[in-house]
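See structure below.
Bear in mind the structure is a predicted one, so any value in this text is a computation, not a measurement. We number each residue from 1, following the sequence as shown.
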Amino acid sequence: MDSIHDLGGIEGFGPVIPEHDEPTFHYSWEGSVLGLQRAILYLGLWNIDVFRHAQEKIHPIEYLSWSYYERWAHTLIATALERGLFDTEEMHTGINLTGDLPKALKPLTLEEVGRAFIRGNFEREGVDDPKFCVGDLVMTNGMRTSGHTRLPRYARDKLGIIIAVRGRHVFPDAVVEHGREDPQWLYTVEIESCELWGDAADSTVSNSVDAFEPYLSRPEYE
């Protein structure tokens with residue numbers, strides 16, 4: 001989905017100024033939001049791809065005006081409402097008005113908290129061979145989609161070269177659109193600066209993106 005979250009290559013936002021001695025959380029509620037997000041992922045209510053796509057649907061003005069964890073909080077609430085985990089009355093009162101929790105909402109115990117912060121492995125075994133290998137020239141798709149994609153806008157319809165094959169991984173686009181993992185081969189593609197940014201770009205800078213196989217094709221002139 002092309003929205004304000006994908007800012008790569010867009011000018012006019014000024015320099016990135018790192019905060020000196022930045023704390024882990026600026027406000028204590030931010031830690032609660034992080035804990036809630038990790039608990040939801042651990043319980044399998046939705047996954048990181050659904051969470052990312054929900055953030056992509058935030059209105060651009062709100063996206064740019066909210067802080068990082070404000071976006072997370074609004075995304076969690078919107079997705080929970082959308083999936084019927086609670087309704088607006090329950091959200092405002094904090095009281096469960098619909099009876100017992102479904103089995104899928106088994107509470108996360110204190111003993112399980114540590115495991116909720118372990119990053120998942122999204123690599124999957126399979127019998128199909130990769131379509132491309134290291135050294136192959138490829139063209140990235142000039143795709144436009146209202147769904148989720150991990151191919152940045154600035155890297156679309158560009159010529160590059162495969163520099164690594166990363167294995168088969170869960171395909172985020174399919175997870176969001178169909179609810180299926182549909183594992184696909186993942187590659188690291190190196191794209192020259194001038195191909196991305198034009199002749200005025202610094203040719204000594206290396207650019208690479210991780211791209212799933214459905215994002216790639218062979219150049220027609222090969």
Side-chain angles (χ1 to χ4, degrees), residues 1-42 46-79 113-123 140 143 145 148-158 160-161 163-164 166 169-170 172-173 175-176 186-212 215:
M1 182 175 184
D2 293 341
S3 67
I4 198 65
H5 74 285
D6 189 358
L7 289 174
I10 296 179
E11 298 175 306
F13 286 87
V16 175
I17 304 175
E19 183 178 344
H20 182 64
D21 291 332
E22 182 179 11
T24 302
F25 302 113
H26 290 83
Y27 304 97
S28 59
W29 62 264
E30 295 177 337
S32 300
V33 171
L34 173 62
L36 183 58
Q37 192 260 7
R38 297 307 306 178
I40 285 173
L41 296 184
Y42 180 75
W46 57 75
N47 71 3
I48 187 66
D49 303 312
V50 172
F51 184 67
R52 284 172 174 156
H53 185 53
Q55 289 193 77
E56 294 166 6
K57 292 186 285 187
I58 297 174
H59 190 281
I61 293 176
E62 294 170 335
Y63 192 97
L64 293 176
S65 59
W66 288 340
S67 70
Y68 183 81
Y69 281 108
E70 280 180 309
R71 290 201 296 269
W72 276 36
H74 284 281
T75 300
L76 291 171
I77 292 170
T79 309
V113 167
R115 280 183 281 172
F117 280 83
I118 297 174
R119 298 183 71 87
N121 183 353
F122 295 92
E123 187 167 7
T140 60
M143 60 194 302
T145 175
H148 183 58
T149 179
R150 300 295 293 163
L151 184 62
R153 185 164 32 192
Y154 71 85
R156 297 176 194 168
D157 198 24
K158 304 296 181 185
I161 185 169
I163 60 171
R166 303 294 183 184
H169 292 260
V170 173
D173 309 39
V175 171
V176 172
L186 181 66
Y187 307 87
T188 298
V189 181
E190 187 172 69
I191 306 174
E192 292 184 358
S193 292
C194 60
E195 175 75 1
L196 287 176
W197 316 116
D199 293 338
D202 184 349
S203 61
T204 65
V205 175
S206 173
N207 307 272
S208 61
V209 296
D210 285 339
F212 287 92
Y215 300 159

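Residues passing the ring-ring contact (aromatic ring centres under 6.0 Å, His included) test with Y68, sequence neighbours excluded: W72. Not a single side chain to side chain contact (heavy atoms under 4.5 Å, CB included) links A78 to another residue, sequence neighbours left out.
Residues Y215 and Y187 form no side-chain contact, since every pair of their non-hydrogen atoms from C-beta on lies 4.5 Å or further apart. The shortest side-chain heavy-atom distance between H74 and V33 does not fall under the 4.5 Å cut-off. A 4.5 Å side-chain heavy-atom check between F51 and I40 finds every atom pair outside the cut-off.
Annotation for F122 and I48: closest pair CZ-CG2, 4.1 Å, computed over non-hydrogen atoms. Between C194 and A201, the closest heavy-atom pair is N-CB, 4.2 Å. Nearest heavy-atom pair, T145 versus T149, reported as atom, atom and distance to 0.1 Å: CG2-CG2, 4.0 Å. Here the closest heavy-atom approach between residue T188 and residue S208 is recorded as CG2-CB, 3.9 Å.
Distance check, rounded to the nearest 0.5 Å: CZ of R119 to CG of L41 gives 10.5 Å. Here the CD1 atom belonging to I161 is positioned 11.5 Å from the CD1 atom belonging to I191, to the nearest 0.5 angstrom. Taking NE2 from H5 and CZ from R52, the interatomic distance works out to 10.0 Å, rounded to the nearest 0.5 Å. Residue E56 holds its CD atom at 10.0 Å from OG1 of T75, rounded to the nearest 0.5 Å.
Counting heavy-atom neighbours within 6.0 Å of Y27 OH, excluding the residue itself, gives a total of 12 or less. The local environment of CD1 in I10 is crowded, with over 12 non-hydrogen atoms from other residues, nucleotides or ligands closer than 6.0 Å. The environment of CD in E192 is sparse: at most 12 heavy-atom neighbours from other residues, nucleotides or ligands sit within 6.0 Å. Around the CG atom of D199, the shell of radius 6.0 Å holds no more than 12 heavy atoms that belong to other residues, nucleotides or ligands.
Without hydrogens or angle criteria, R153 side chain to D6 main chain gives a donor-acceptor distance under 3.5 Å. Looking only at distances, a side-chain donor or acceptor of S193 sits under 3.5 Å from a matching main-chain atom of D202. In terms of modelled atom types and a separation under 3.5 Å, the side chain of R38 and the main chain of A116 share a donor-acceptor contact.
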